[in-house]
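I have placed the structure first, in the form of structure tokens, so that the comments after it can refer back to it.
Because the structure is predicted, anything quoted here is derived from the model rather than measured. Hydrogens, waters and symmetry mates play no part in the numbers below; they use all other heavy atoms, side chains included. Below, chains carry the letters A, B, ... as their sequence lines are ordered, and counting in each starts from 1.
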Protein chains: 2
Amino acid sequence: MTDKLTGAAGRAYVADAIRQALRSGDLVPGQRLVELDLAEAYGTTRGAVREALQDLAAEDIVEIVPRRGARIRAVSVEEAVQITECRSALEQLCARKAAGRASEEQRAELRRIGADMRQAVADGAWDAYSALNQRLHELVIEAGGQEVARRQLERLNGPMVRFQFRLALRPGRPAQSLPQHLAIIDAVTGADPEAAARAVAAHLDDVVEQLRVSAERTPAPRV
Amino acid sequence: MTDKLTGAAGRAYVADAIRQALRSGDLVPGQRLVELDLAEAYGTTRGAVREALQDLAAEDIVEIVPRRGARIRAVSVEEAVQITECRSALEQLCARKAAGRASEEQRAELRRIGADMRQAVADGAWDAYSALNQRLHELVIEAGGQEVARRQLERLNGPMVRFQFRLALRPGRPAQSLPQHLAIIDAVTGADPEAAARAVAAHLDDVVEQLRVSAERTPAPRV
DNA sequence: TCGGAACATCTTGTCAACAATCTCGTTGAT
DNA sequence: ATCAACGAGATTGTTGACAAGATGTTCCGA
């Protein structure tokens, strides 16, 4: 860390750092992001920070209002629901394709993930479960070979980090979602496209449900 | 038009101008976009052009490679198919919602569009038909109230302009798509969510089919 | 005490010049 | 004739300074 991270390198670095800070809760929605502060904090130039903020704005993670700077965008429950519905539509597509064209290796990895998930829930290993969950979704998208859908889903997930961690915390949540995940795995490895789509839809409908319930119990996010 | 269009104004202006130029065929895939040339052509500064290019890159319309500048991105047929499949997934979602919650005004406008489309095909009024087609898709999204899906669909359509115009040119195309459009309208106005989703899926499956056929007849786009 | 006008400060937007890199045509050797 | 090395010109990347707008503070009058 001798030299300043400048230009393109700094741009990616700052963007990643902010995404990370959001995940870990160091940044909260509504918080102002002052270019010069960030530049000093991360050892870059204002230019690099500026471009990083543009990138994050394109991902709908921050909101830039002219002459007033950038702030972390707050995502309403209603918007989180819509995002999840879009995710559902796109992941159904991927799962359908994956059921039809996944390689034998991919099906094997899916089965392995299923077994590991059972184990993780039995052990109460929530971090491991969460990682497996993520890998499962990735693998379905990858096996579906839908590059375009993958990009869309990435964008969709950007603003959701805040909600995801609220959801994962709910007690009993892993036990509830486990059978849904296993159903997805069974359908894809069983080469049944329609069942795969239905399983994904059922899982994400449940996530929507959980979002709505969590909205009632949690105070509205501050702006 | 006395003064230079500077800053944010120029940025939006240049981005729009490039999108327009792409639609009208003045720019072709692979073409280099030199910052200084564009700045002079549109009467702006290099800075504004630079930012406009970043925006277009975020929309996947241009491709920026470091130190080598921006060029119009070429979209392969395979990618166009994937884009259309994603569109299908998202528009099915919107149509389902629209069937359930469209206002009476919106249903009335849909019926009107249907009638106008019949007329346009009967008259051979292809420009009018194309405009009605666009309005139909917009209206379904709007009636569905899916703001998130709308944004996603906008992004999706950016790189497709080139293919869209190739498709619309095919003789007999309007006559072929008319019944599909009418089926969508009937399902939405008839408040039948599943039929609406099926109708949208059928329409876009046909578009995928057309894309594949057109790929066989048209030489591969130059890079 | 409250409202608001004038001011000081902070922050973002813009530009022009400079630096770094790439492209392409030329030259010279094999 | 082919190829590689070279160099001039073209093009993008980066920086620092300045301009312009927003925010917050102080102070005065009612």
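Between Y42(B) and Y13(B), the ring planes lie perpendicular to each other; the angle is over 60°, past the 30° to 60° tilted range. Using a 30° and 60° split on the angle between ring planes, H181(B) and Y129(B) fall in the tilted class, from 30° to 60°.
Rounded to whole angstrom, the span from the CD1 atom of I64(A) across to the P atom of dT12(C) amounts to 10 Å. Here dA16(C) presents its C1' atom at 15 Å from CD of E40(B), a figure rounded to the nearest Å. At whole-Å resolution of the value, CZ in R50(B) and C1' in dT14(C) are 14 Å apart. Between the CD atom of E51(B) and the C1' atom of dT14(C) there is a distance of 9 Å, given to the nearest Å. Distance L36(B) CG to dT21(C) P: 21 Å, rounded to the nearest Å.
Residue A8(B) is classed as a sugar-phosphate contact, given heavy-atom separations below 4.0 Å to backbone atoms only. Nucleic acid contact for L33(B): sugar-phosphate only, since backbone atoms but no base atoms lie under 4.0 Å from a heavy atom of the residue. Contacts of G47(A) with the nucleic acid, taken as non-hydrogen atoms under 4.0 Å apart, are absent.
At distances below 3.5 Å, not a single donor-acceptor pair connects side-chain atoms of R11(B) with backbone N or O atoms of A52(B). The backbone N or O of R23(B) sits nowhere less than 3.5 Å from a side-chain atom of R162(B) that would complete a donor-acceptor pair. Of the possible polar contacts, one joining the Q106(B) side chain to the S103(B) backbone as a donor-acceptor pair under 3.5 Å is found.
A sub-4.0 Å separation between OP1 or OP2 of dA16(C) and a side-chain N or O of T45(B) is absent. Between R68(B) and the phosphate of dT23(C), there is a side-chain N or O to OP1/OP2 separation shorter than 4.0 Å.
Side-chain atoms of E35(B) lie closest to dG13(D) of the nucleotides dT23(C), dG13(C), dG13(D). Proximity note for R67(B) (side chain, C-beta onward) versus dT15(D), dC22(C), dA22(D): the nearest is dC22(C). Which of dT11(D), dT11(C), dG13(D) sits closest to the side chain of R32(B) comes down to dT11(D).
A donor-acceptor contact closer than 3.5 angstrom is absent between the side chains of S130(B) and Q134(B). Inspection of the E147(A) and Q82(B) side chains reveals no N or O donor paired with an N or O acceptor under 3.5 Å.
In the interface, the side chain of R46(A) is paired with the base of dG13(C) through a donor and an acceptor atom under 3.5 Å apart.
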Short heteroatom pairs, N/O only, protein and nucleotides 6-8 of chain D, under 3.5 Å:
none

